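Note sheet for the following structure.
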Amino acid sequence: MNPKRRIALIDRLADAVGYVGPDFERFGGIFLDCLLELPINHQGVNLVGYPVSGVIDSVGDDDRLIAEYSDKGDYFEGGMQKAEDDLTKALGRKPNARSVFLLSGRRRRPQAAQAFETRVRAWRTMKGKSLHLWGAEEIAARLIDELLLDDRAVRRLAYHLPEFERMHDEEAASHAVPAPDRQQIIRTDIDQEIARRLKHEACVEITGVAGLGKSAAAAAYAIEHRDEFNLTAWFDPNELKRPEDLQSVPLVRGGAVRNVAYLLKTRACLLVIDDAGPDLAIDALANLCGPKSKIILTRRVSSVLSFELPFVPQAVARAMLEQSGSACPQHVFDTVWSTVGGHPLSLGLIGAAARQGVSWSELAVDCRSIGDLDDRGQRLADRLLGRLRPSLQRELSVFAWCGGPVCPAGFLESVIQPLGLRKLRGNCLTAFDRNDVRLHDVVFASLDAGWCQPDRSTELDAALESFLISSAAEPGLRLLTTARSLRSKLEDLVSSGSRNPAFRYALLQAWDAAELRRDLIGDPAKDADAIVSPPPLAISAIIEAVEQLFLHERLESQDAASTRLRERLRIFDKLAILPGLSDLEGAQLKHHKAKALKRLGEARAATELFEAVLAGPVPMDEARLQLIDLYRGDASMEERSVVLVDEILGGMAAGKHVVYSVFLGIIERLPRGPARWRDELIARHSEAIERTIVDAANVGVQQALAAFSALGRYISTEHPTLFEKILDQLPEPDIASLQTDNERFYWAELSSEAARLPNADVLPMRERALRFHAALVKPQPFHLQRRAELLLDAGRSDQAEPLLRDRPDLDRSEWIQRLMARARLGMGFPADGLEWIDKALAGLSIEHFRSEFLELRFEIRQALGDRHALEDLKGAILASRKEKESARLRARLSEATGRQPPAPA
């Protein structure tokens, strides 16, 4: 979710929590039920809602959880006497509790809460217990982060917190089940048959011819039975081609991406896969389901075990025709029935024409005229749409212009207004879809070129340009989703000769690097030469073209891509001299040119340009970050690197606005810095580092976790207090709610590093880290490397070795060779381990890691009985650039020799 959007939602919801009022105890109980999903006994209010005195408000069935709720305005203010009384009472009655929750409907004062927590944690009765002090903001944050996914929780909380339900409805939720048409005739027999089959099977197929109502039946079942599931989700045609695709398909709730396959196993989910392809095997899908999850598929081709949807009976057919309010004469009904039978789509189109004023006698003529041809359903649709043309030409012209049956709902609504959408749906022309609007295939096949005249086409081209420009200026995914949905139309527009920058920019967003069409991008140099006064998105389109062309060409040849990037460098110079550019635009062009130079290996030229940005009127922190990378490893530039880091870190500490991505980028790079200033900088700016990571992580900035996991590999052993202090302030992660593989990996890293802390509960922490690794959908090579290292730490060398053997870089990466040495040693083959660590040391390129490599070789030589093994331990002490590591190595040498080695100079 966009961080600013998340903050706004939390603030808005916190206000709403404050208005729950006297019902707060009941609300709090439902909230904890939904959040924790544990059996909890709520005894603080009686059946009619009045408080019960002298009892703990909520107690877990095993007495390990206790909770107290209060709506008093001063609960988390001042000395927090009421909170202290509640805590004392609860601990007195349930001394064996392990988790204590104190919840208030009012906002928490951080200073008061921190002082209270510090005071009560010193109590003997609080030893070994976790304490959760949640005011309105903390409750709101968990509602947004953890329960916006849970459709059932939203409905349970809606009575007390209607604002939460409104937010749930406002958020564009991908794969949300489309609401059934209000005019649809409810068929309880179909619902009952689906329910009967799902009682015994994890997956059910609904089959039948086009227009029979398969999608409508599946959607109606999903809506009717949604209270039985945590999550209901809908997948449109072609989104899933194989069962394995569920491992990577993006599912979004509240702007956050979810792991569908994991949710199927761990939650109660209902998935509907509409118009499923032949490769989606029922058995394979059933194997993906946990005990509470179900899957419904719709298909045109029947199978032995599928549920073939029946045509509607005559009574339902007559009801569909007469929804206009006008009774259908019996002889006309007989003609309709003999022509289309109980085919719902055809009946719906006839009823829609009747509602538009077409007489029953004319409709009977339409039915008789199409005869008994095989394509009579299509022929009838052609005739009926002709009847509807006067009232629906404007709406249907958009689909004729698109050239396909699907149009993004946001764009379509902008050109035909909500009334136009209602007209399409009210006339039975749309099929079921989530966020897009999709015409029935039969309806779209009836649209010819005459439905969109040239002047209307020009009008829609201009409307699309305006929509793309406005979408590009917004946070979120509207530009991307529109571009992807209309990709074919955009390609047609550009293919026809349009050089509209909005169209080209949108296409560059829609394509992956491998899909890029060079013929449509054109020559960005010529586009730059043609600009006199740049229209909206013109400069962005050119810069994006340079970037995407490089990435595309690099797939074939790094050398060729670099050659062409070098030829395009003049584009930045051409754009930089355009009249009317702001200082910021000028700085951005220099910055992007410098990045291109850096890619080309011209470090000196890139450095000069980045330094020029810093010397100009808009010194960009992004340029400082690039320079820090460029100066890494150059001893002569260490002092300059320190100044650059200090300018960013110090600016943040002084209250200067620093973009999170830049500040977090600095934090991420600190462990790579030279030892002479790394520890000094971390110590000097520890408060800013802590505050930035915690603040950014708590508002959903994923880079905060990236920065902390990178920094954590260093500070978990060298600055363990700082690591633990940061970790304790981050919300407890829920694997199912994590958005991406990267986020799951970051939490795996943090859990792994937490196991290294003094007095850590090592085994549970490592097991948790392995669970995060197991949840990765498409692990990258570095993810697998770190998983192997975690397995080695956990004493599972036999599981780690296959991960390392499969690495294509085993023969050239000193890091993988070092891990292989550990694996062979752990499996009882120290001689093999010695060969691998010798290879690793021969290829070691970063000196400040030499101590770790030498320490491992000492352990291997010691296992081999080598009496000179201590030479490597002494070498590790000399090579160590970490204070805590050096002290540990010296203690190890002292233990081995019985003599205290001299302290390092």
Side-chain angles (χ1 to χ4, degrees), residues 114 118 121 625 628 632 638 641-642 644-646 648-653 658 660 662-698 701 703-731 733 745-762 765-766 768-769 786 789-790 793 846-852 855 876-877 879-892 903-904:
Q114 186 174 0
T118 301
R121 280 199 178 279
L625 196 60
I628 291 166
R632 189 172 67 215
E638 280 189 19
S641 297
V642 173
L644 292 168
V645 173
D646 262 336
I648 298 175
L649 296 180
M652 176 70 85
V658 176
Y660 268 139
V662 172
F663 193 88
L664 292 169
I666 286 291
I667 293 172
E668 196 171 350
R669 287 160 173 78
L670 282 175
R672 311 174 199 164
R676 287 200 308 122
W677 55 266
R678 178 181 53 208
D679 285 310
E680 180 186 346
L681 281 171
I682 290 174
R684 188 189 313 161
H685 299 291
S686 61
E687 289 186 9
I689 292 170
E690 174 194 343
R691 183 174 67 251
T692 302
I693 291 176
V694 171
D695 288 351
N698 285 331
V701 178
Q703 192 188 355
L705 295 176
F708 185 31
S709 64
L711 182 67
R713 296 180 200 118
Y714 177 73
I715 66 171
S716 61
T717 54
E718 293 300 305
H719 301 271
T721 302
L722 177 60
F723 180 93
E724 191 168 11
K725 194 174 180 182
I726 295 172
L727 186 64
D728 286 347
Q729 296 178 72
L730 301 185
F745 172 68
Y746 299 146
W747 276 109
E749 288 289 276
L750 294 175
S751 301
S752 179
E753 293 305 318
R756 303 179 191 274
L757 294 171
N759 304 315
D761 203 355
V762 176
M765 275 297 173
R766 285 179 177 161
R768 185 171 83 156
R786 292 293 290 171
E789 190 162 0
L790 175 61
D793 291 342
I846 303 179
E847 279 301 309
H848 65 252
F849 287 106
R850 182 169 293 277
S851 56
E852 297 178 28
E855 184 181 15
I877 293 172
S880 178
R881 301 182 184 183
K882 304 175 186 176
E883 182 180 341
K884 296 284 179 62
E885 178 190 68
S886 178
R888 179 181 57 77
L889 292 172
R890 285 187 284 108
R892 192 170 186 181

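All residue numbers in this chain count up from 1 along the given sequence. Everything numeric in this text was worked out from a predicted model, so none of it was measured.
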side-chain contact (heavy atoms from CB on, under 4.5 Å) evaluation trace for R756 with D793: CA-CA 10 Å; R756 303 179 191 274; D793 291 342; 3.1 Å; yes

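In this structure T717 satisfies the side-chain hydrogen bond (donor to acceptor under 3.5 Å, both in side chains) test with no other residue, sequence neighbours excluded. Looking at residues two or more places apart in sequence or on another chain, you find no side-chain hydrogen bond (donor to acceptor under 3.5 Å, both in side chains) involving E718. Remark: R766 pairs with no residue by the salt bridge (charged side-chain N to carboxylate O under 4.0 Å, His left out) rule, at least two apart or across chains. A760 meets the side chain to side chain contact (heavy atoms under 4.5 Å, CB included) test with L757, V762; sequence neighbours excluded. With sequence neighbours excluded, no residue forms a salt bridge (charged side-chain N to carboxylate O under 4.0 Å, His left out) with D761. Not counting sequence neighbours, the partners of R786 by the salt bridge (charged side-chain N to carboxylate O under 4.0 Å, His left out) test are E749, E753, E789. For R850, the side-chain hydrogen bond (donor to acceptor under 3.5 Å, both in side chains) partners are E847, not counting sequence neighbours. Looking at residues two or more places apart in sequence or on another chain, you find a side-chain hydrogen bond (donor to acceptor under 3.5 Å, both in side chains) between E852 and K882. Taking the side chain to side chain contact (heavy atoms under 4.5 Å, CB included) definition, one finds that E687 meets it with nothing, sequence neighbours left out. Applying the salt bridge (charged side-chain N to carboxylate O under 4.0 Å, His left out) criterion to R768, with sequence neighbours excluded, gives E732.
Here the CD1-CG distance, from I726 to L750, works out to 9.5 Å after rounding to the nearest 0.5 Å. Expressed to the nearest 0.5 Å, how far CD of E855 lies from CD of E885 amounts to 6.5 Å.
Heavy atoms of other residues, nucleotides or ligands lying less than 6.0 angstrom from CG of D728 number more than 12.
Under the 3.5 Å distance criterion, the side-chain polar atoms of S880 are left unmatched by any main-chain donor or acceptor of A876. Using a distance-only test at 3.5 Å, with no hydrogens or angles considered, no donor-acceptor pair links the side chain of S752 to the main chain of A748.
Side-chain contact check for K884 versus P720: some heavy-atom pair is nearer than 4.5 Å. Using a 4.5 Å cut-off on side-chain heavy atoms (C-beta onward), F723 and L711 make no contact. F708 places none of its side-chain heavy atoms less than 4.5 Å from the side chain of V694.
Summarising the geometry of A754 relative to L727, their closest heavy-atom pair is CB-CD2, 3.9 Å, with the distance given to 0.1 Å.
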